**Q** 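Quick one: the structure is below, questions incoming.
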Protein chains: 2
Amino acid sequence: MARWTEAGRSFTDLILEVFRLNGLLLEAGDHLAAPSGLTSARWQVLGVADHGPVTVAQVARTMGLRRQSVQQTADALARDGFLAFVDDPDDRRARRIALTAAGRRALRAVEARHAVWVEGLAARVDLRALRATVAALRDATSLLQSPPPRGRRRRKD
Amino acid sequence: MARWTEAGRSFTDLILEVFRLNGLLLEAGDHLAAPSGLTSARWQVLGVADHGPVTVAQVARTMGLRRQSVQQTADALARDGFLAFVDDPDDRRARRIALTAAGRRALRAVEARHAVWVEGLAARVDLRALRATVAALRDATSLLQSPPPRGRRRRKD
DNA sequence: TTAAAATTGACAGGTACCTGTCAATTTTGA
DNA sequence: TCAAAATTGACAGGTACCTGTCAATTTTAA
């Protein structure tokens with residue numbers, strides 16, 4: 001077994017802290033979305049769909065998720081009246097997602113709460129340190145992405 | 001709607017980067033665990049149970065999860081022969097989790113792969129920047145935890 | 001000492017992801 | 001041009017979380 005180095009221990013700390021922060025951020029997102037009858041996942045889908053009528057597959061690509069996951073979320077949003085599916089005259093396979101008035105209203109409300117929340121947090125941290133942290137996390141992200149898993153390639157779905 | 005400040009935008013970047021990194025880390029964890037027939041979640045449970053016979057509820061508290069979630073994972077691990085439940089003579093409600101030989105073997109193998117992986121990554125980053133990043137994330141974590149949601153208190157379960 | 005409170009495991013059911021497969025419908029490139 | 005490839009939605013089923021509830025069993029505090 002490899003002996004732990006200082007850097008190894010520090011990187012392990014980073015991993016644990018990312019997990020912890022991720023959980024807290026998801027929780028906060030749900031609290032911001034809940035008053036409008038949404039969850040984090042549904043808010044995100046509404047947010048993407050807000051930029052114009054899009055297909056479920058397009059939303060999935062934008063969010064880095066599977067079509068099938070977004071479909072499920074979109075179906076729930078449609079069931080609850082936040083969005084509607086519209087046939088696409090140019091592609092007989094596709095149905096496009098369009099926000100309803102209720103969907104737009106809910107999205108605006110969540111976005112407003114979100115802005116207030118983020119600004120409140122941002123005001124309590126040092127901007128230079130914040131920027132450095134974002135840069136470091138981006139480095140870590142590209143580090144994790146850099147060695148593309150040998151063997152299999154990108155899947156098409 | 002609140003106008004976005006520099007710090008607000010930067011904090012938003014931080015959030016997005018944490019989400020991205022979390023996804024990549026989970027994926028990497030699954031890749032480390034898979035060769036031994038485990039997933040990230042099952043590896044974590046085995047790891048906690050390795051420190052001695054523990055109840056499901058104790059594991060859940062250690063991991064910051066619900067009893068019920070850990071129970072499900074533990075049942076799956078027992079079904080696959082990685083651990084066994086043993087009656088506790090001191091508490092007739094409780095059954096304690098004990099790793100089987102196969103469970104210990106799998107855990108050791110995953111931990112060895114994990115150590116190699118972490119050290120490989122850690123060697124490619126600057127230690128000072130890494131430490132600063134961990135500290136900054138810890139600040140963010142405590143920032144998110146500091147304002148305890150008014151109204152309801154800790155739940156007992 | 002004993003009644004209230006907490007803990008534990010178990011069960012039911014929900015959310016948000018995932019994979020794999022299928023048929024219908026574009027899009028493509030030889 | 002037209003067959004192969006890709007895309008899309010739909011369906012089935014799996015993982016890992018969650019909440020709420022229940023009965024059995026400790027633990028506690030009056």
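Since the structure is predicted, the reported quantities are computational estimates derived from the model, not experimental observations.
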**Q** What is the distance, rounded to the nearest whole Å, between atom CZ of B/F85 and atom C1' of C/dT8?
**A** 13 Å

**Q** What about A/R93, does its side chain sit under 3.5 Å from the base of C/dT25 through a donor-acceptor pair?
**A**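 Indeed there is one.
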
**Q** Roughly, in whole Å, what's the span from CG in A/D80 to C1' in C/dA16?
**A**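 Rounding to the nearest Å, CG of A/D80 and C1' of C/dA16 are 15 Å apart.
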
**Q** Taking the side chain as C-beta and beyond, is there a heavy-atom pair between A/Q44 and A/T73 under 4.5 Å?
**A** no

**Q** Please report the distance, rounded to the nearest Å, between CG in B/L65 and P in C/dT8.
**A** 15 Å

**Q** Tell me which one of B/R96, B/R95, B/R93 satisfies salt bridge (charged side-chain N to carboxylate O under 4.0 Å, His left out) with B/D88.
**A** B/R96

**Q** Between P on C/dT25 and CG on A/D90, what's the gap in Å once rounded to a whole number?
**A** 15 Å

**Q** Is there side-chain contact between B/L14 and B/L137, with at least one heavy-atom pair below 4.5 Å?
**A** yes

**Q** Check this one for me: any side-chain N or O of B/S69 less than 4.0 Å away from OP1 or OP2 of D/dC18?
**A** yes

**Q** Give me the residues of residues 35-49 of chain B where at least one heavy atom lies under 4.0 Å from an atom of DNA chain C, by number, or none.
**A** none

**Q** Is the phosphate of C/dT26 approached by A/R92 (side-chain N or O, under 4.0 Å from OP1 or OP2)?
**A** yes

**Q** Please report the distance, rounded to the nearest Å, between CD in A/Q72 and C1' in C/dG14.
**A** 10 Å

**Q** In whole Å, what is the span from the CZ atom of A/F19 to the C1' atom of D/dC17?
**A**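 It is 14 Å, rounded to the nearest whole Å.
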
**Q** Compute the centroid of each ring, for A/W43 and then for A/H114, and state whether the two points are separated by less than 6.0 Å.
**A** yes

**Q** Taking the side chain as every heavy atom from C-beta outward, state whether B/L144 and A/L121 have any atom pair closer than 4.5 Å.
**A** yes

**Q** Let me spell it out: for each of A/G64 and B/R61, pick the nucleotide of DNA chain C with the closest heavy atom. Which residue's pick is nearer the 5' end?
**A** B/R61

**Q** Could you state the CG-P distance from B/N22 to D/dC17, rounded to the nearest angstrom?
**A**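 So the CG-P distance, B/N22 to D/dC17, works out to 11 Å.
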
**Q** Could you list all the side chain to side chain donor-acceptor pair (under 3.5 Å) pairs where at least one residue sits in residues 50-62 of chain B, not counting sequence neighbours?
**A** B/D50-B/R108

**Q** Report the residue (B/V70 or B/R67) whose heavy-atom-nearest nucleotide on DNA chain D is the more 5′ of the two.
**A**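 Final value for this comparison: B/V70.
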
**Q** Hey, what bend do you get for the helix from C/dT1-D/dA30 to C/dA30-D/dT1 if you fit axes on five pairs at each end, rounded to 10°?
**A**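 For the helix from C/dT1-D/dA30 to C/dA30-D/dT1, the axes at either end differ by 30°.
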
**Q** Rounded to whole angstrom units, what separation is found between the CG atom of B/L26 and the C1' atom of D/dT15?
**A**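 Atom-to-atom, B/L26 to D/dT15, this comes out as 12 Å.
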
**Q** Do any side-chain nitrogens or oxygens of B/Q68 fall under 4.0 Å of OP1 or OP2 in C/dC11?
**A**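 No, B/Q68 has no side-chain N/O under 4.0 Å of OP1/OP2 on C/dC11.
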
**Q** What I'd like to find out is whether the side chain of B/V45 reaches to under 4.5 Å of the side chain of B/F82, using heavy atoms alone.
**A** no

**Q** Do A/T39 and A/D30 have a side chain donor and acceptor closer than 3.5 Å?
**A**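 Looking only at side-chain atoms, A/D30 and A/T39 do not form any donor-acceptor pair under 3.5 Å.
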
**Q** With side chain to side chain contact (heavy atoms under 4.5 Å, CB included) as the criterion, how do B/T133 and A/F11 come out once you've worked through the C-alpha distance, each side chain's angles and the decisive distance to 0.1 Å?
**A** CA-CA 10 Å; B/T133 304; A/F11 205 98; over 6 Å; no

